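First comes the structure, then the notes that go with it.
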Amino acid sequence: MELYSFIFLAVLAIASAVGMILTRNTVNSALLLVVNLLSVAGLYLVLQAQFLALIQILVYAGAIMVLFLFVIMLLNLDDEESFFDKLRVKYIVAFLLGAVIFSQIIYSIGGVTDLLPAISEEMQFAGTVEALGDVLYTEFLFAFEMTAILLTAAVVGAIMIAQYKKPNKGDS
Amino acid sequence: MVGIDWYLALSAVIFTIGMIGILIRRNAIVLFMCVELMLNAVNLSLVAFSAYHGDVTGQILVFFSLAVAAAEAVIGLAIILAIFRNNLSVDITKVNLLRW
């Protein structure tokens, strides 16, 4: 059962990621990214990280992607000049570079495969809200508070950057 | 049972797809979505390590990574909006203010 869910979700994740970078329409691209994020949330569930799966759906697939879709709507983008029309050298170089980096990662994973552990018993309880909150509010309390400050700074910064400045008459 | 190496391989595949996307696309918003994809791939490998080691710290790290990704998306989209207002384009090849 676990194997079949893994294969299904993995194929879904890879297919939606490939579709995301190849589709011309920006809105379709964003929606395919949502499919990808949802399938990764499913993989979190397979890995017994229930809290993170929910957070992934709520924060990523919900809030962040809605933000992306709003910006796409605001900018009213035309379709980008397609790279399908002329297959130039730099795309081939991009794919080759991607293949090189992928094989490097796979090689380094293969190098340590014997040392990797089997899934552990403790994880039965480790992914719940209680277990995560217990660690988060004791051991990582400082980092948690810093995250709050980071988010506040990000919101203030975004408002400062994106606000429309009325041109003053005094300014040249 | 699925071994952890399969999760790591899947994470590598998604990361590489995101990187290829950054190299071939020119729309700034799609580039941002590719960055989110790569972050997501790394999160997946963190959760896999956390599950297979029985250590909850990896999941805490993913939690913080989510918060940083949210902050990054907000700031990045604000910058894209500001560039679009000055330039009327989100094509990154047409934004050459800092290019020499």
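What you are looking at is a predicted structure, and each value in this text was computed from that prediction instead of being measured.
- Neither the backbone nor the side chain of A:Met160 comes within contact range of chain B, judged by heavy atoms closer than 4.5 Å.
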Please lay out, stage by stage, how A:Leu47 and B:Tyr52 fare under the test side-chain contact (heavy atoms from CB on, under 4.5 Å). CA-CA 8 Å; A:Leu47 287 168; B:Tyr52 281 80; 3.7 Å; yes
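- For chain A, no part of B:Glu72 is nearby; none of its heavy atoms comes within less than 4.5 Å.
- With a 4.5 Å cut-off on side-chain heavy atoms, B:Met19 and A:Phe102 do not count as touching.
- When heavy atoms are compared at a cutoff of 4.5 Å, A:Gln163 approaches chain B solely by way of its backbone atoms N, CA, C and O.
- With contacts defined as side-chain heavy-atom distances shorter than 4.5 Å, the pair A:Val135/B:Thr57 does not qualify.
- Listed options B:Leu81, B:Ile14, B:Leu44 were ranked by heavy-atom pairs under 4.5 angstrom with chain A; first place goes to B:Leu44.
- Between B:Phe64 and A:Phe144, the distance from one ring center to the other does not fall under 6.0 angstrom.
- B:Leu77 is not listed as a side-chain neighbour of A:Phe70, based on a closest heavy-atom distance of 4.5 Å or more.
- No part of B:Ile22 comes within reach of chain A, as not one of its non-hydrogen atoms sits under 4.5 angstrom from that chain.
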Should A:Thr26 and B:Asn27 be marked as a side-chain contact (heavy atoms from CB on, under 4.5 Å) after you check the CA-CA gap, both sets of side-chain angles, and the distance that decides it? CA-CA 8 Å; A:Thr26 318; B:Asn27 185 332; 3.4 Å; yes
The test is side chain to side chain donor-acceptor pair (under 3.5 Å); show your working for B:Gln59 and A:Tyr44 and say whether it passes. CA-CA 10 Å; B:Gln59 299 191 11; A:Tyr44 288 172; over 6 Å; no
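- The candidate from A:Ala153, A:Ala94, A:Ala13, A:Ala99 with the greatest count of non-hydrogen atom pairs under 4.5 Å with chain B is A:Ala94.
- Taking each heavy atom of A:Thr23 and B:Arg25 in turn, the nearest pair found is O-NH1, 2.9 Å.
- Heavy atoms of B:Ala41 lying under 4.5 Å from chain A are absent altogether.
- Counting heavy-atom pairs closer than 4.5 Å to chain B, the top-ranked of the candidates A:Val93, A:Leu136, A:Leu151 is A:Leu136.
- Both the backbone and the side chain of A:Ala30 come within contact range of chain B, judged by heavy atoms closer than 4.5 Å.
- Contacts between A:Tyr60 and chain B at a heavy-atom distance below 4.5 Å involve the side chain alone, from C-beta outward.
- Between B:Val30 and A:Ile21 there is no side-chain heavy-atom pair separated by less than 4.5 Å.
- When heavy atoms are compared at a cutoff of 4.5 Å, B:Tyr7 approaches chain A by way of both its backbone and its side chain.
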Decide yes or no on side chain to side chain donor-acceptor pair (under 3.5 Å) for A:Gln56 and B:Asn40, but give the supporting numbers first. CA-CA 10 Å; A:Gln56 169 101 351; B:Asn40 209 44; 3.1 Å; yes
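- B:Leu8 is not listed as a side-chain neighbour of A:Ile105, based on a closest heavy-atom distance of 4.5 Å or more.
- Contacts of A:Ser29 with chain B are made by both backbone and side-chain atoms, with heavy-atom separations under 4.5 Å.
- Using a 4.5 Å cut-off between heavy atoms, B:Met33 touches chain A through backbone and side chain atoms alike.
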